[in-house]
K.L.:
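The structure is given below, and queries will be raised subsequently.
Note that the structure is a prediction, hence the values are computed from the model and not measured. Sequence positions, counted from 1, serve as the residue numbers for this chain. What you see below is based on every heavy atom in this structure, not just the backbone, and it leaves out hydrogens, waters and symmetry mates.
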Amino acid sequence: MYFKKIIIICFVSILYPQIDTVLTIDASSYSNWVYFSFEQAEVIDVENPEESMEWDVAFQRKHIRTNSGLSGLGNGGALVDSSTTWLNQWDNDSFDQIENPLFVADTLLNDFYDLFTHTFNQGVKNPALNAWGWFDDDYQLNTTNYVLYVLLPNGQDVVKFWPQNYYSETGGGGHVQLRYQTGLTYQQECDQVLGDVNNDSLVNVVDVVQLVNYILNGIGFEDCEIGASDFNQDNQINVVDIVNIVSFILNN
């Protein structure tokens with residue numbers, strides 16, 4: 001039986017076409033999170049954010065979440081490249097030059113200010129995106145302009161991310177002016193057989209069942225599993241891949 005292995009997988013999503021825009025998000029509340037979807041390019045209402053794949057990032061004052069880790073069930077995260085800044089070089093994209101990019105998931109941090117007790121409490125957010133700004137002795141936020149990237153919940157699409165300002169025209173804090181660009185893709189190295197969806201070194205009916213479940217539900221796969229499912233390598237996972245895998249099983 002002949003198995004074809006895949007070494008590099010780049011599953012190109014069509015959900016996030018290339019957009020380059022600047023907008024301001026009112027995240028001035030000390031208690032409520034504001035959820036944003038890059039696919040819809042707007043703030044959205046999310047009833048159960050911990051169980052939703054609809055949102056990509058969320059804002060509360062200086063704090064930023066991604067749909068990952070303790071914040072949500074997505075495969076998102078964030079990365080900071082503090083070796084350079086976006087100032088005067090927004091078009092000089094360095095993401096493709098990062099070797100083995102490490103996206104950090106959301107976790108607990110102890111820097112959420114309590115207005116009533118004037119103390120800092122624990123909260124969930126992304127530690128990499130925490131590097132976008134810092135407060136000085138006058139309690140003014142200074143932006144670092146570091147190069148930031150956000151990995152979206154599907155674990156594939158990447159957004160170039162630049163929070164530029166924290167204040168509104170009237171001086172109120174928590175009004176995050178954000179520039180972002182979609183259209184980047186995260187490539188993950190894999191060593192997996194085409195058609196071996198569950199990566200058990202066999203291509204059989206179990207893989208067909210898992211592939212059908214993925215197509216019907218759209219969730220439950222890791223990046224390498226998605227690549228192994230694209231049997232005809234056309235950057236789409238559909239019934240054609242099922243037919244091809246079944247044909248492969250019957251003829252080998």
K.L.:
What heavy-atom pair brings W33 and Q60 nearest, and what distance separates the two atoms?
P.N.:
NE1-NE2, 3.0 Å
K.L.:
Is there side-chain contact between Y166 and F135, with heavy atoms separated by less than 4.5 Å?
P.N.:
yes
K.L.:
Quick one, V205 and I249 - any side-chain contact, counting heavy atoms below 4.5 Å?
P.N.:
no
K.L.:
For residues F112 and H63, establish whether the separation of their ring centroids is below 6.0 Å.
P.N.:
yes
K.L.:
Hydrophobic clustering (ILVMFWY, side-chain heavy atoms < 4.5 Å, transitive) - are L23 and V57 grouped together?
P.N.:
yes
K.L.:
Name the orientation class of the two ring planes belonging to F38 and Y180 (parallel below 30°, tilted from 30 to 60°, perpendicular beyond 60°).
P.N.:
perpendicular
K.L.:
A side-chain contact here means heavy atoms from C-beta on lying under 4.5 Å apart; do I245 and V203 qualify?
P.N.:
yes
K.L.:
Would you give the length of the straight line joining atom CG of N110 to atom CZ of F120, rounded to the nearest 0.5 angstrom?
P.N.:
9.0 Å
K.L.:
Check whether any side-chain N or O of S29 sits under 3.5 Å from a backbone N or O of S31 as a donor-acceptor pair, and report yes or no.
P.N.:
yes
K.L.:
Are any non-hydrogen side-chain atoms of L73 and E50 less than 4.5 angstrom apart?
P.N.:
no
K.L.:
Ignoring hydrogens and geometry, is there a side-chain-to-backbone donor-acceptor pair from D136 to Q140 under 3.5 Å?
P.N.:
yes
K.L.:
Determine whether more than 12 heavy atoms belonging to other residues, nucleotides or ligands lie under 6.0 Å from atom CD of E47.
P.N.:
no
K.L.:
Identify the heavy atoms of D106 and N126 that sit nearest to each other, and give their distance.
P.N.:
OD1-ND2, 2.9 Å
K.L.:
Around atom CG of D45, are there more than 12 heavy atoms from other residues, nucleotides or ligands closer than 6.0 Å?
P.N.:
no
K.L.:
Give me the one residue out of K125, R61, K62 that meets salt bridge (Lys or Arg N to Asp or Glu O under 4.0 Å) with D111.
P.N.:
K125
K.L.:
Please answer whether the main-chain N or O of A41 pairs with a side-chain N or O of S37 as donor and acceptor at a distance below 3.5 Å.
P.N.:
no
K.L.:
Quick one: do the D241 and N244 side chains pair a donor with an acceptor below 3.5 Å?
P.N.:
no
K.L.:
Checking side-chain contact (heavy atoms from CB on, under 4.5 Å) for the pair I44/E54: CA distance, chi angles, key distance, verdict?
P.N.:
CA-CA 9 Å; I44 61 173; E54 296 179 358; 4.1 Å; yes
K.L.:
Between Y146 and D81, does a side-chain contact (heavy atoms from CB on, under 4.5 Å) hold up when you go through it step by step?
P.N.:
CA-CA 6 Å; Y146 287 154; D81 179 4; over 6 Å; no
K.L.:
Taking the side chain as C-beta and beyond, is there a heavy-atom pair between P127 and L109 under 4.5 Å?
P.N.:
yes
K.L.:
If every non-hydrogen atom of F36 is compared with every non-hydrogen atom of V43, which pair is closest and at what distance?
P.N.:
CD1-N, 3.6 Å
K.L.:
Please check if V176 and V46 belong to a single hydrophobic cluster, counting links between Ile, Leu, Val, Met, Phe, Trp and Tyr side chain heavy atoms closer than 4.5 Å.
P.N.:
no
K.L.:
Decide if atom CD of E42 counts as having more than 12 heavy atoms of other residues, nucleotides or ligands within a radius under 6.0 Å.
P.N.:
yes
K.L.:
Nearest 0.5 Å, please: how far is OG in S28 from CD1 in I25?
P.N.:
12.0 Å
K.L.:
So, for T185 and V158, which heavy atoms are closest and what is the spacing to 0.1 Å?
P.N.:
C-CG2, 4.3 Å
K.L.:
Using distance alone, with no hydrogens and no angle criterion, decide if N67 and D56 have a side-chain donor and acceptor under 3.5 Å apart.
P.N.:
no
K.L.:
If you group Ile, Leu, Val, Met, Phe, Trp and Tyr whenever their side-chain heavy atoms sit less than 4.5 Å apart, what else falls in with L70?
P.N.:
L108, V124
K.L.:
Output all residues satisfying salt bridge (Lys or Arg N to Asp or Glu O under 4.0 Å) with D26, sequence neighbours left out; order by chain, then residue number.
P.N.:
none
K.L.:
Could you check whether any side-chain heavy atom of D157 comes within less than 4.5 Å of a side-chain heavy atom of T182, counting everything from C-beta outward?
P.N.:
no
K.L.:
Hydrophobic side-chain clustering at under 4.5 Å (ILVMFWY, transitive links): who's grouped with W134? Put none if nobody.
P.N.:
none
K.L.:
Rounded to the nearest 0.5 Å, what's the gap from CZ on R65 to OG1 on T107? Could you check?
P.N.:
11.5 Å
K.L.:
Any Lys/Arg nitrogen of D20 or R179 sitting under 4.0 Å from an Asp/Glu carboxylate oxygen of the other?
P.N.:
yes
K.L.:
Would you name the heavy atoms of L148 and W132 that are closest together and state the gap between them?
P.N.:
CD1-CB, 3.8 Å
K.L.:
Please determine which of V239, D207, I242 meets the side chain to side chain contact (heavy atoms under 4.5 Å, CB included) test together with V212.
P.N.:
I242
K.L.:
How about F161 and Y149: are their ring centroids closer than 6.0 Å?
P.N.:
no
K.L.:
Kindly indicate whether the side chain of Q177, heavy atoms from C-beta on, has any atom under 4.5 Å from the side chain of P163.
P.N.:
no
K.L.:
Can T144 and N142 be said to form a side-chain contact (heavy atoms from CB on, under 4.5 Å), step by step?
P.N.:
CA-CA 6 Å; T144 62; N142 299 268; over 6 Å; no
K.L.:
Please give me the minimum heavy-atom distance between V34 and A27, naming the atom from each residue.
P.N.:
CG2-CA, 4.2 Å
K.L.:
Does L211 share a hydrophobic cluster with L250, counting links as ILVMFWY side-chain heavy atoms below 4.5 Å and allowing steps through other members?
P.N.:
yes
K.L.:
For L141 and Y167, what are the C-alpha separation, side-chain angles and deciding distance, and is it a side-chain contact (heavy atoms from CB on, under 4.5 Å)?
P.N.:
CA-CA 9 Å; L141 186 132; Y167 299 99; 3.7 Å; yes
K.L.:
Describe, in one word, how the ring planes of W55 and Y35 are oriented to each other, choosing from parallel (under 30°), tilted (30 to 60°) and perpendicular (over 60°).
P.N.:
perpendicular
